[in-house]
Amino acid sequence: MTELYGETVFGADHDLEAMRLDALSRMFDPATRARLVQIARPGMRCLDVGAGLGRISGWLAEVCAQVIAVDRDTRLLADLHKVFPTVQVVEADITEDLALGTFDIVHSRLVLMHLRDRVAVFHRLADLVSPGGWLVLGEAVEAPALISPPQSPFRQLMEKHWRSLETAIGTDGQWGYRYPDLLREAGFVDIGVEMYQPPITPSSAAGQFFQLGFHHLRDRILADGLVDEATFDEAVKAMREPGFSDLGMGLLTAWARKPT
């Protein structure tokens, strides 16, 4: 049976998953909001796919008329509607048809890259955009570490954790680079793309995100034989040392408008 994101890997029932998603939110939300603020307007109807902790859904609710937050597992979204009454939380699988109508903004971040049928889901999201509306898609992309030596434990672990996710759930760390072509082929216009790459330091959101993620994936990475235990532990130790700073993952965001 094919394993899916959110089942064993990064499941909502894991004791540290909420902390990992919180770090992810603090790491990437500023860049996502900076893009969405360019297009979000009062009266708009918005769809946030793979809502996570609901931070972007809540921000959209402060600007737009209606927001639907969709996730396969909504346990971490249980209180979102209480804080933002105009947000409707829907538990659904985006790989299946969603009877939700169309939207002025359809947003998704770090979702399609983890799906094996990502091309079909891309077209499904494109179909949910109203004429004149916007599709905004963000994905984490593999970006080389630049400071640590090539054979350092950190660089080995950063590279091998991508391979482990690829084997386990089909993650594609290069997927985001395809968006401009896919949007063009789907008939969208006003296409734009940008990259945001926050630093990994002991105290940064990115550093906390990766430390939590590596902790979650430790047994899997070691079982896959991608790195040995000593290398794994040395990499995590190095990330906690004062003065450590490097790169390892960027957020590529692509956006485009459906013609009227």
Side-chain angles (χ1 to χ4, degrees), residues 5-6 10 21 24-25 27-41 44-57 59-60 63-64 67-72 90 92-98 100-143 162 165 169-198 249-259:
Y5 180 105
F10 303 134
L21 290 179
L24 175 64
S25 179
M27 176 169 57
F28 283 156
D29 279 6
T32 299
R33 290 196 303 267
R35 175 47 44 197
L36 289 173
V37 77
Q38 302 298 317
I39 58 176
R41 298 291 182 269
M44 282 185 164
R45 188 168 188 257
C46 307
L47 178 67
D48 188 20
V49 176
L53 296 178
R55 304 270 173 80
I56 293 299
S57 298
W59 179 85
L60 284 169
V63 180
C64 303
V67 179
I68 296 182
V70 172
D71 211 299
R72 287 182 65 246
V90 174
D93 189 340
I94 191 60
T95 63
E96 302 171 358
D97 289 333
L98 296 180
L100 298 173
T102 58
F103 300 85
D104 302 298
I105 295 176
V106 174
H107 169 257
S108 172
R109 188 178 71 189
L110 276 66
V111 175
L112 276 66
M113 62 179 291
H114 296 301
L115 303 178
R116 297 181 189 275
D117 52 352
R118 54 184 67 91
V119 175
V121 174
F122 166 82
H123 289 291
R124 183 168 290 118
L125 294 183
D127 289 342
L128 294 174
V129 181
S130 303
W134 292 86
L135 182 56
V136 182
L137 302 168
E139 303 292 355
V141 293
E142 290 186 68
W162 286 103
L165 288 173
I169 58 177
T171 296
D172 183 354
Q174 303 295 319
W175 163 251
Y177 294 121
R178 295 187 57 188
Y179 279 145
D181 287 340
L182 287 167
L183 290 164
R184 192 175 299 109
E185 293 166 3
F188 282 74
V189 297
D190 298 336
I191 299 169
V193 63
E194 63 190 2
M195 177 78 82
Y196 173 72
Q197 194 171 8
M249 182 171 81
L251 174 67
L252 185 147
T253 303
W255 62 92
R257 181 175 58 85
K258 179 176 283 190

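Positions are given from 1 along the sequence. Nothing here was measured: the structure is a model prediction, and the numbers come from that model.
A pairwise comparison of heavy atoms in Ala254 and Tyr179 identifies CB-CB, 3.6 Å as the closest pair. Gly173 and Trp162 make their closest contact through CA-CZ3, 3.6 Å (heavy atoms, listed as atom of the first residue, atom of the second, distance).
The side-chain hydrogen bond (donor to acceptor under 3.5 Å, both in side chains) search around Asp117 returns none, not counting sequence neighbours. Applying the salt bridge (charged side-chain N to carboxylate O under 4.0 Å, His left out) test to Arg184 and every residue at least two apart in sequence or in another chain returns Asp181. Partners of Ser57 by side-chain hydrogen bond (donor to acceptor under 3.5 Å, both in side chains), not counting sequence neighbours, listed by chain and number: Asp48. With sequence neighbours left out, the side-chain hydrogen bond (donor to acceptor under 3.5 Å, both in side chains) criterion links Thr32 to Arg109.
Looking at heavy atoms from C-beta onward, Asp97 lies in side-chain contact with Arg124 at the 4.5 angstrom threshold. Proximity of Leu125 to Leu112: side-chain heavy atoms (C-beta onward) are separated by under 4.5 Å at one or more points. Side-chain contact between Val49 and Leu128: absent, with no pair of heavy atoms (C-beta onward) separated by less than 4.5 Å.
For the atom pair CG of Leu135 and OG of Ser108, the computed distance is 8.5 Å after rounding to the nearest 0.5 Å. Note that CG of Leu165 and CZ of Phe10 are 5.0 Å apart. Values are rounded to the nearest 0.5 Å.
Judged as a salt bridge (Lys or Arg N to Asp or Glu O under 4.0 Å), the pairs with a partner in residues 32-41 (not counting sequence neighbours) are, in order, Arg35-Glu194. Among residues at least two apart or in separate chains, ring pair (Phe, Tyr, Trp, His ring centres under 6.0 Å) pairs with a member in residues 106-128 are Tyr5-His114.
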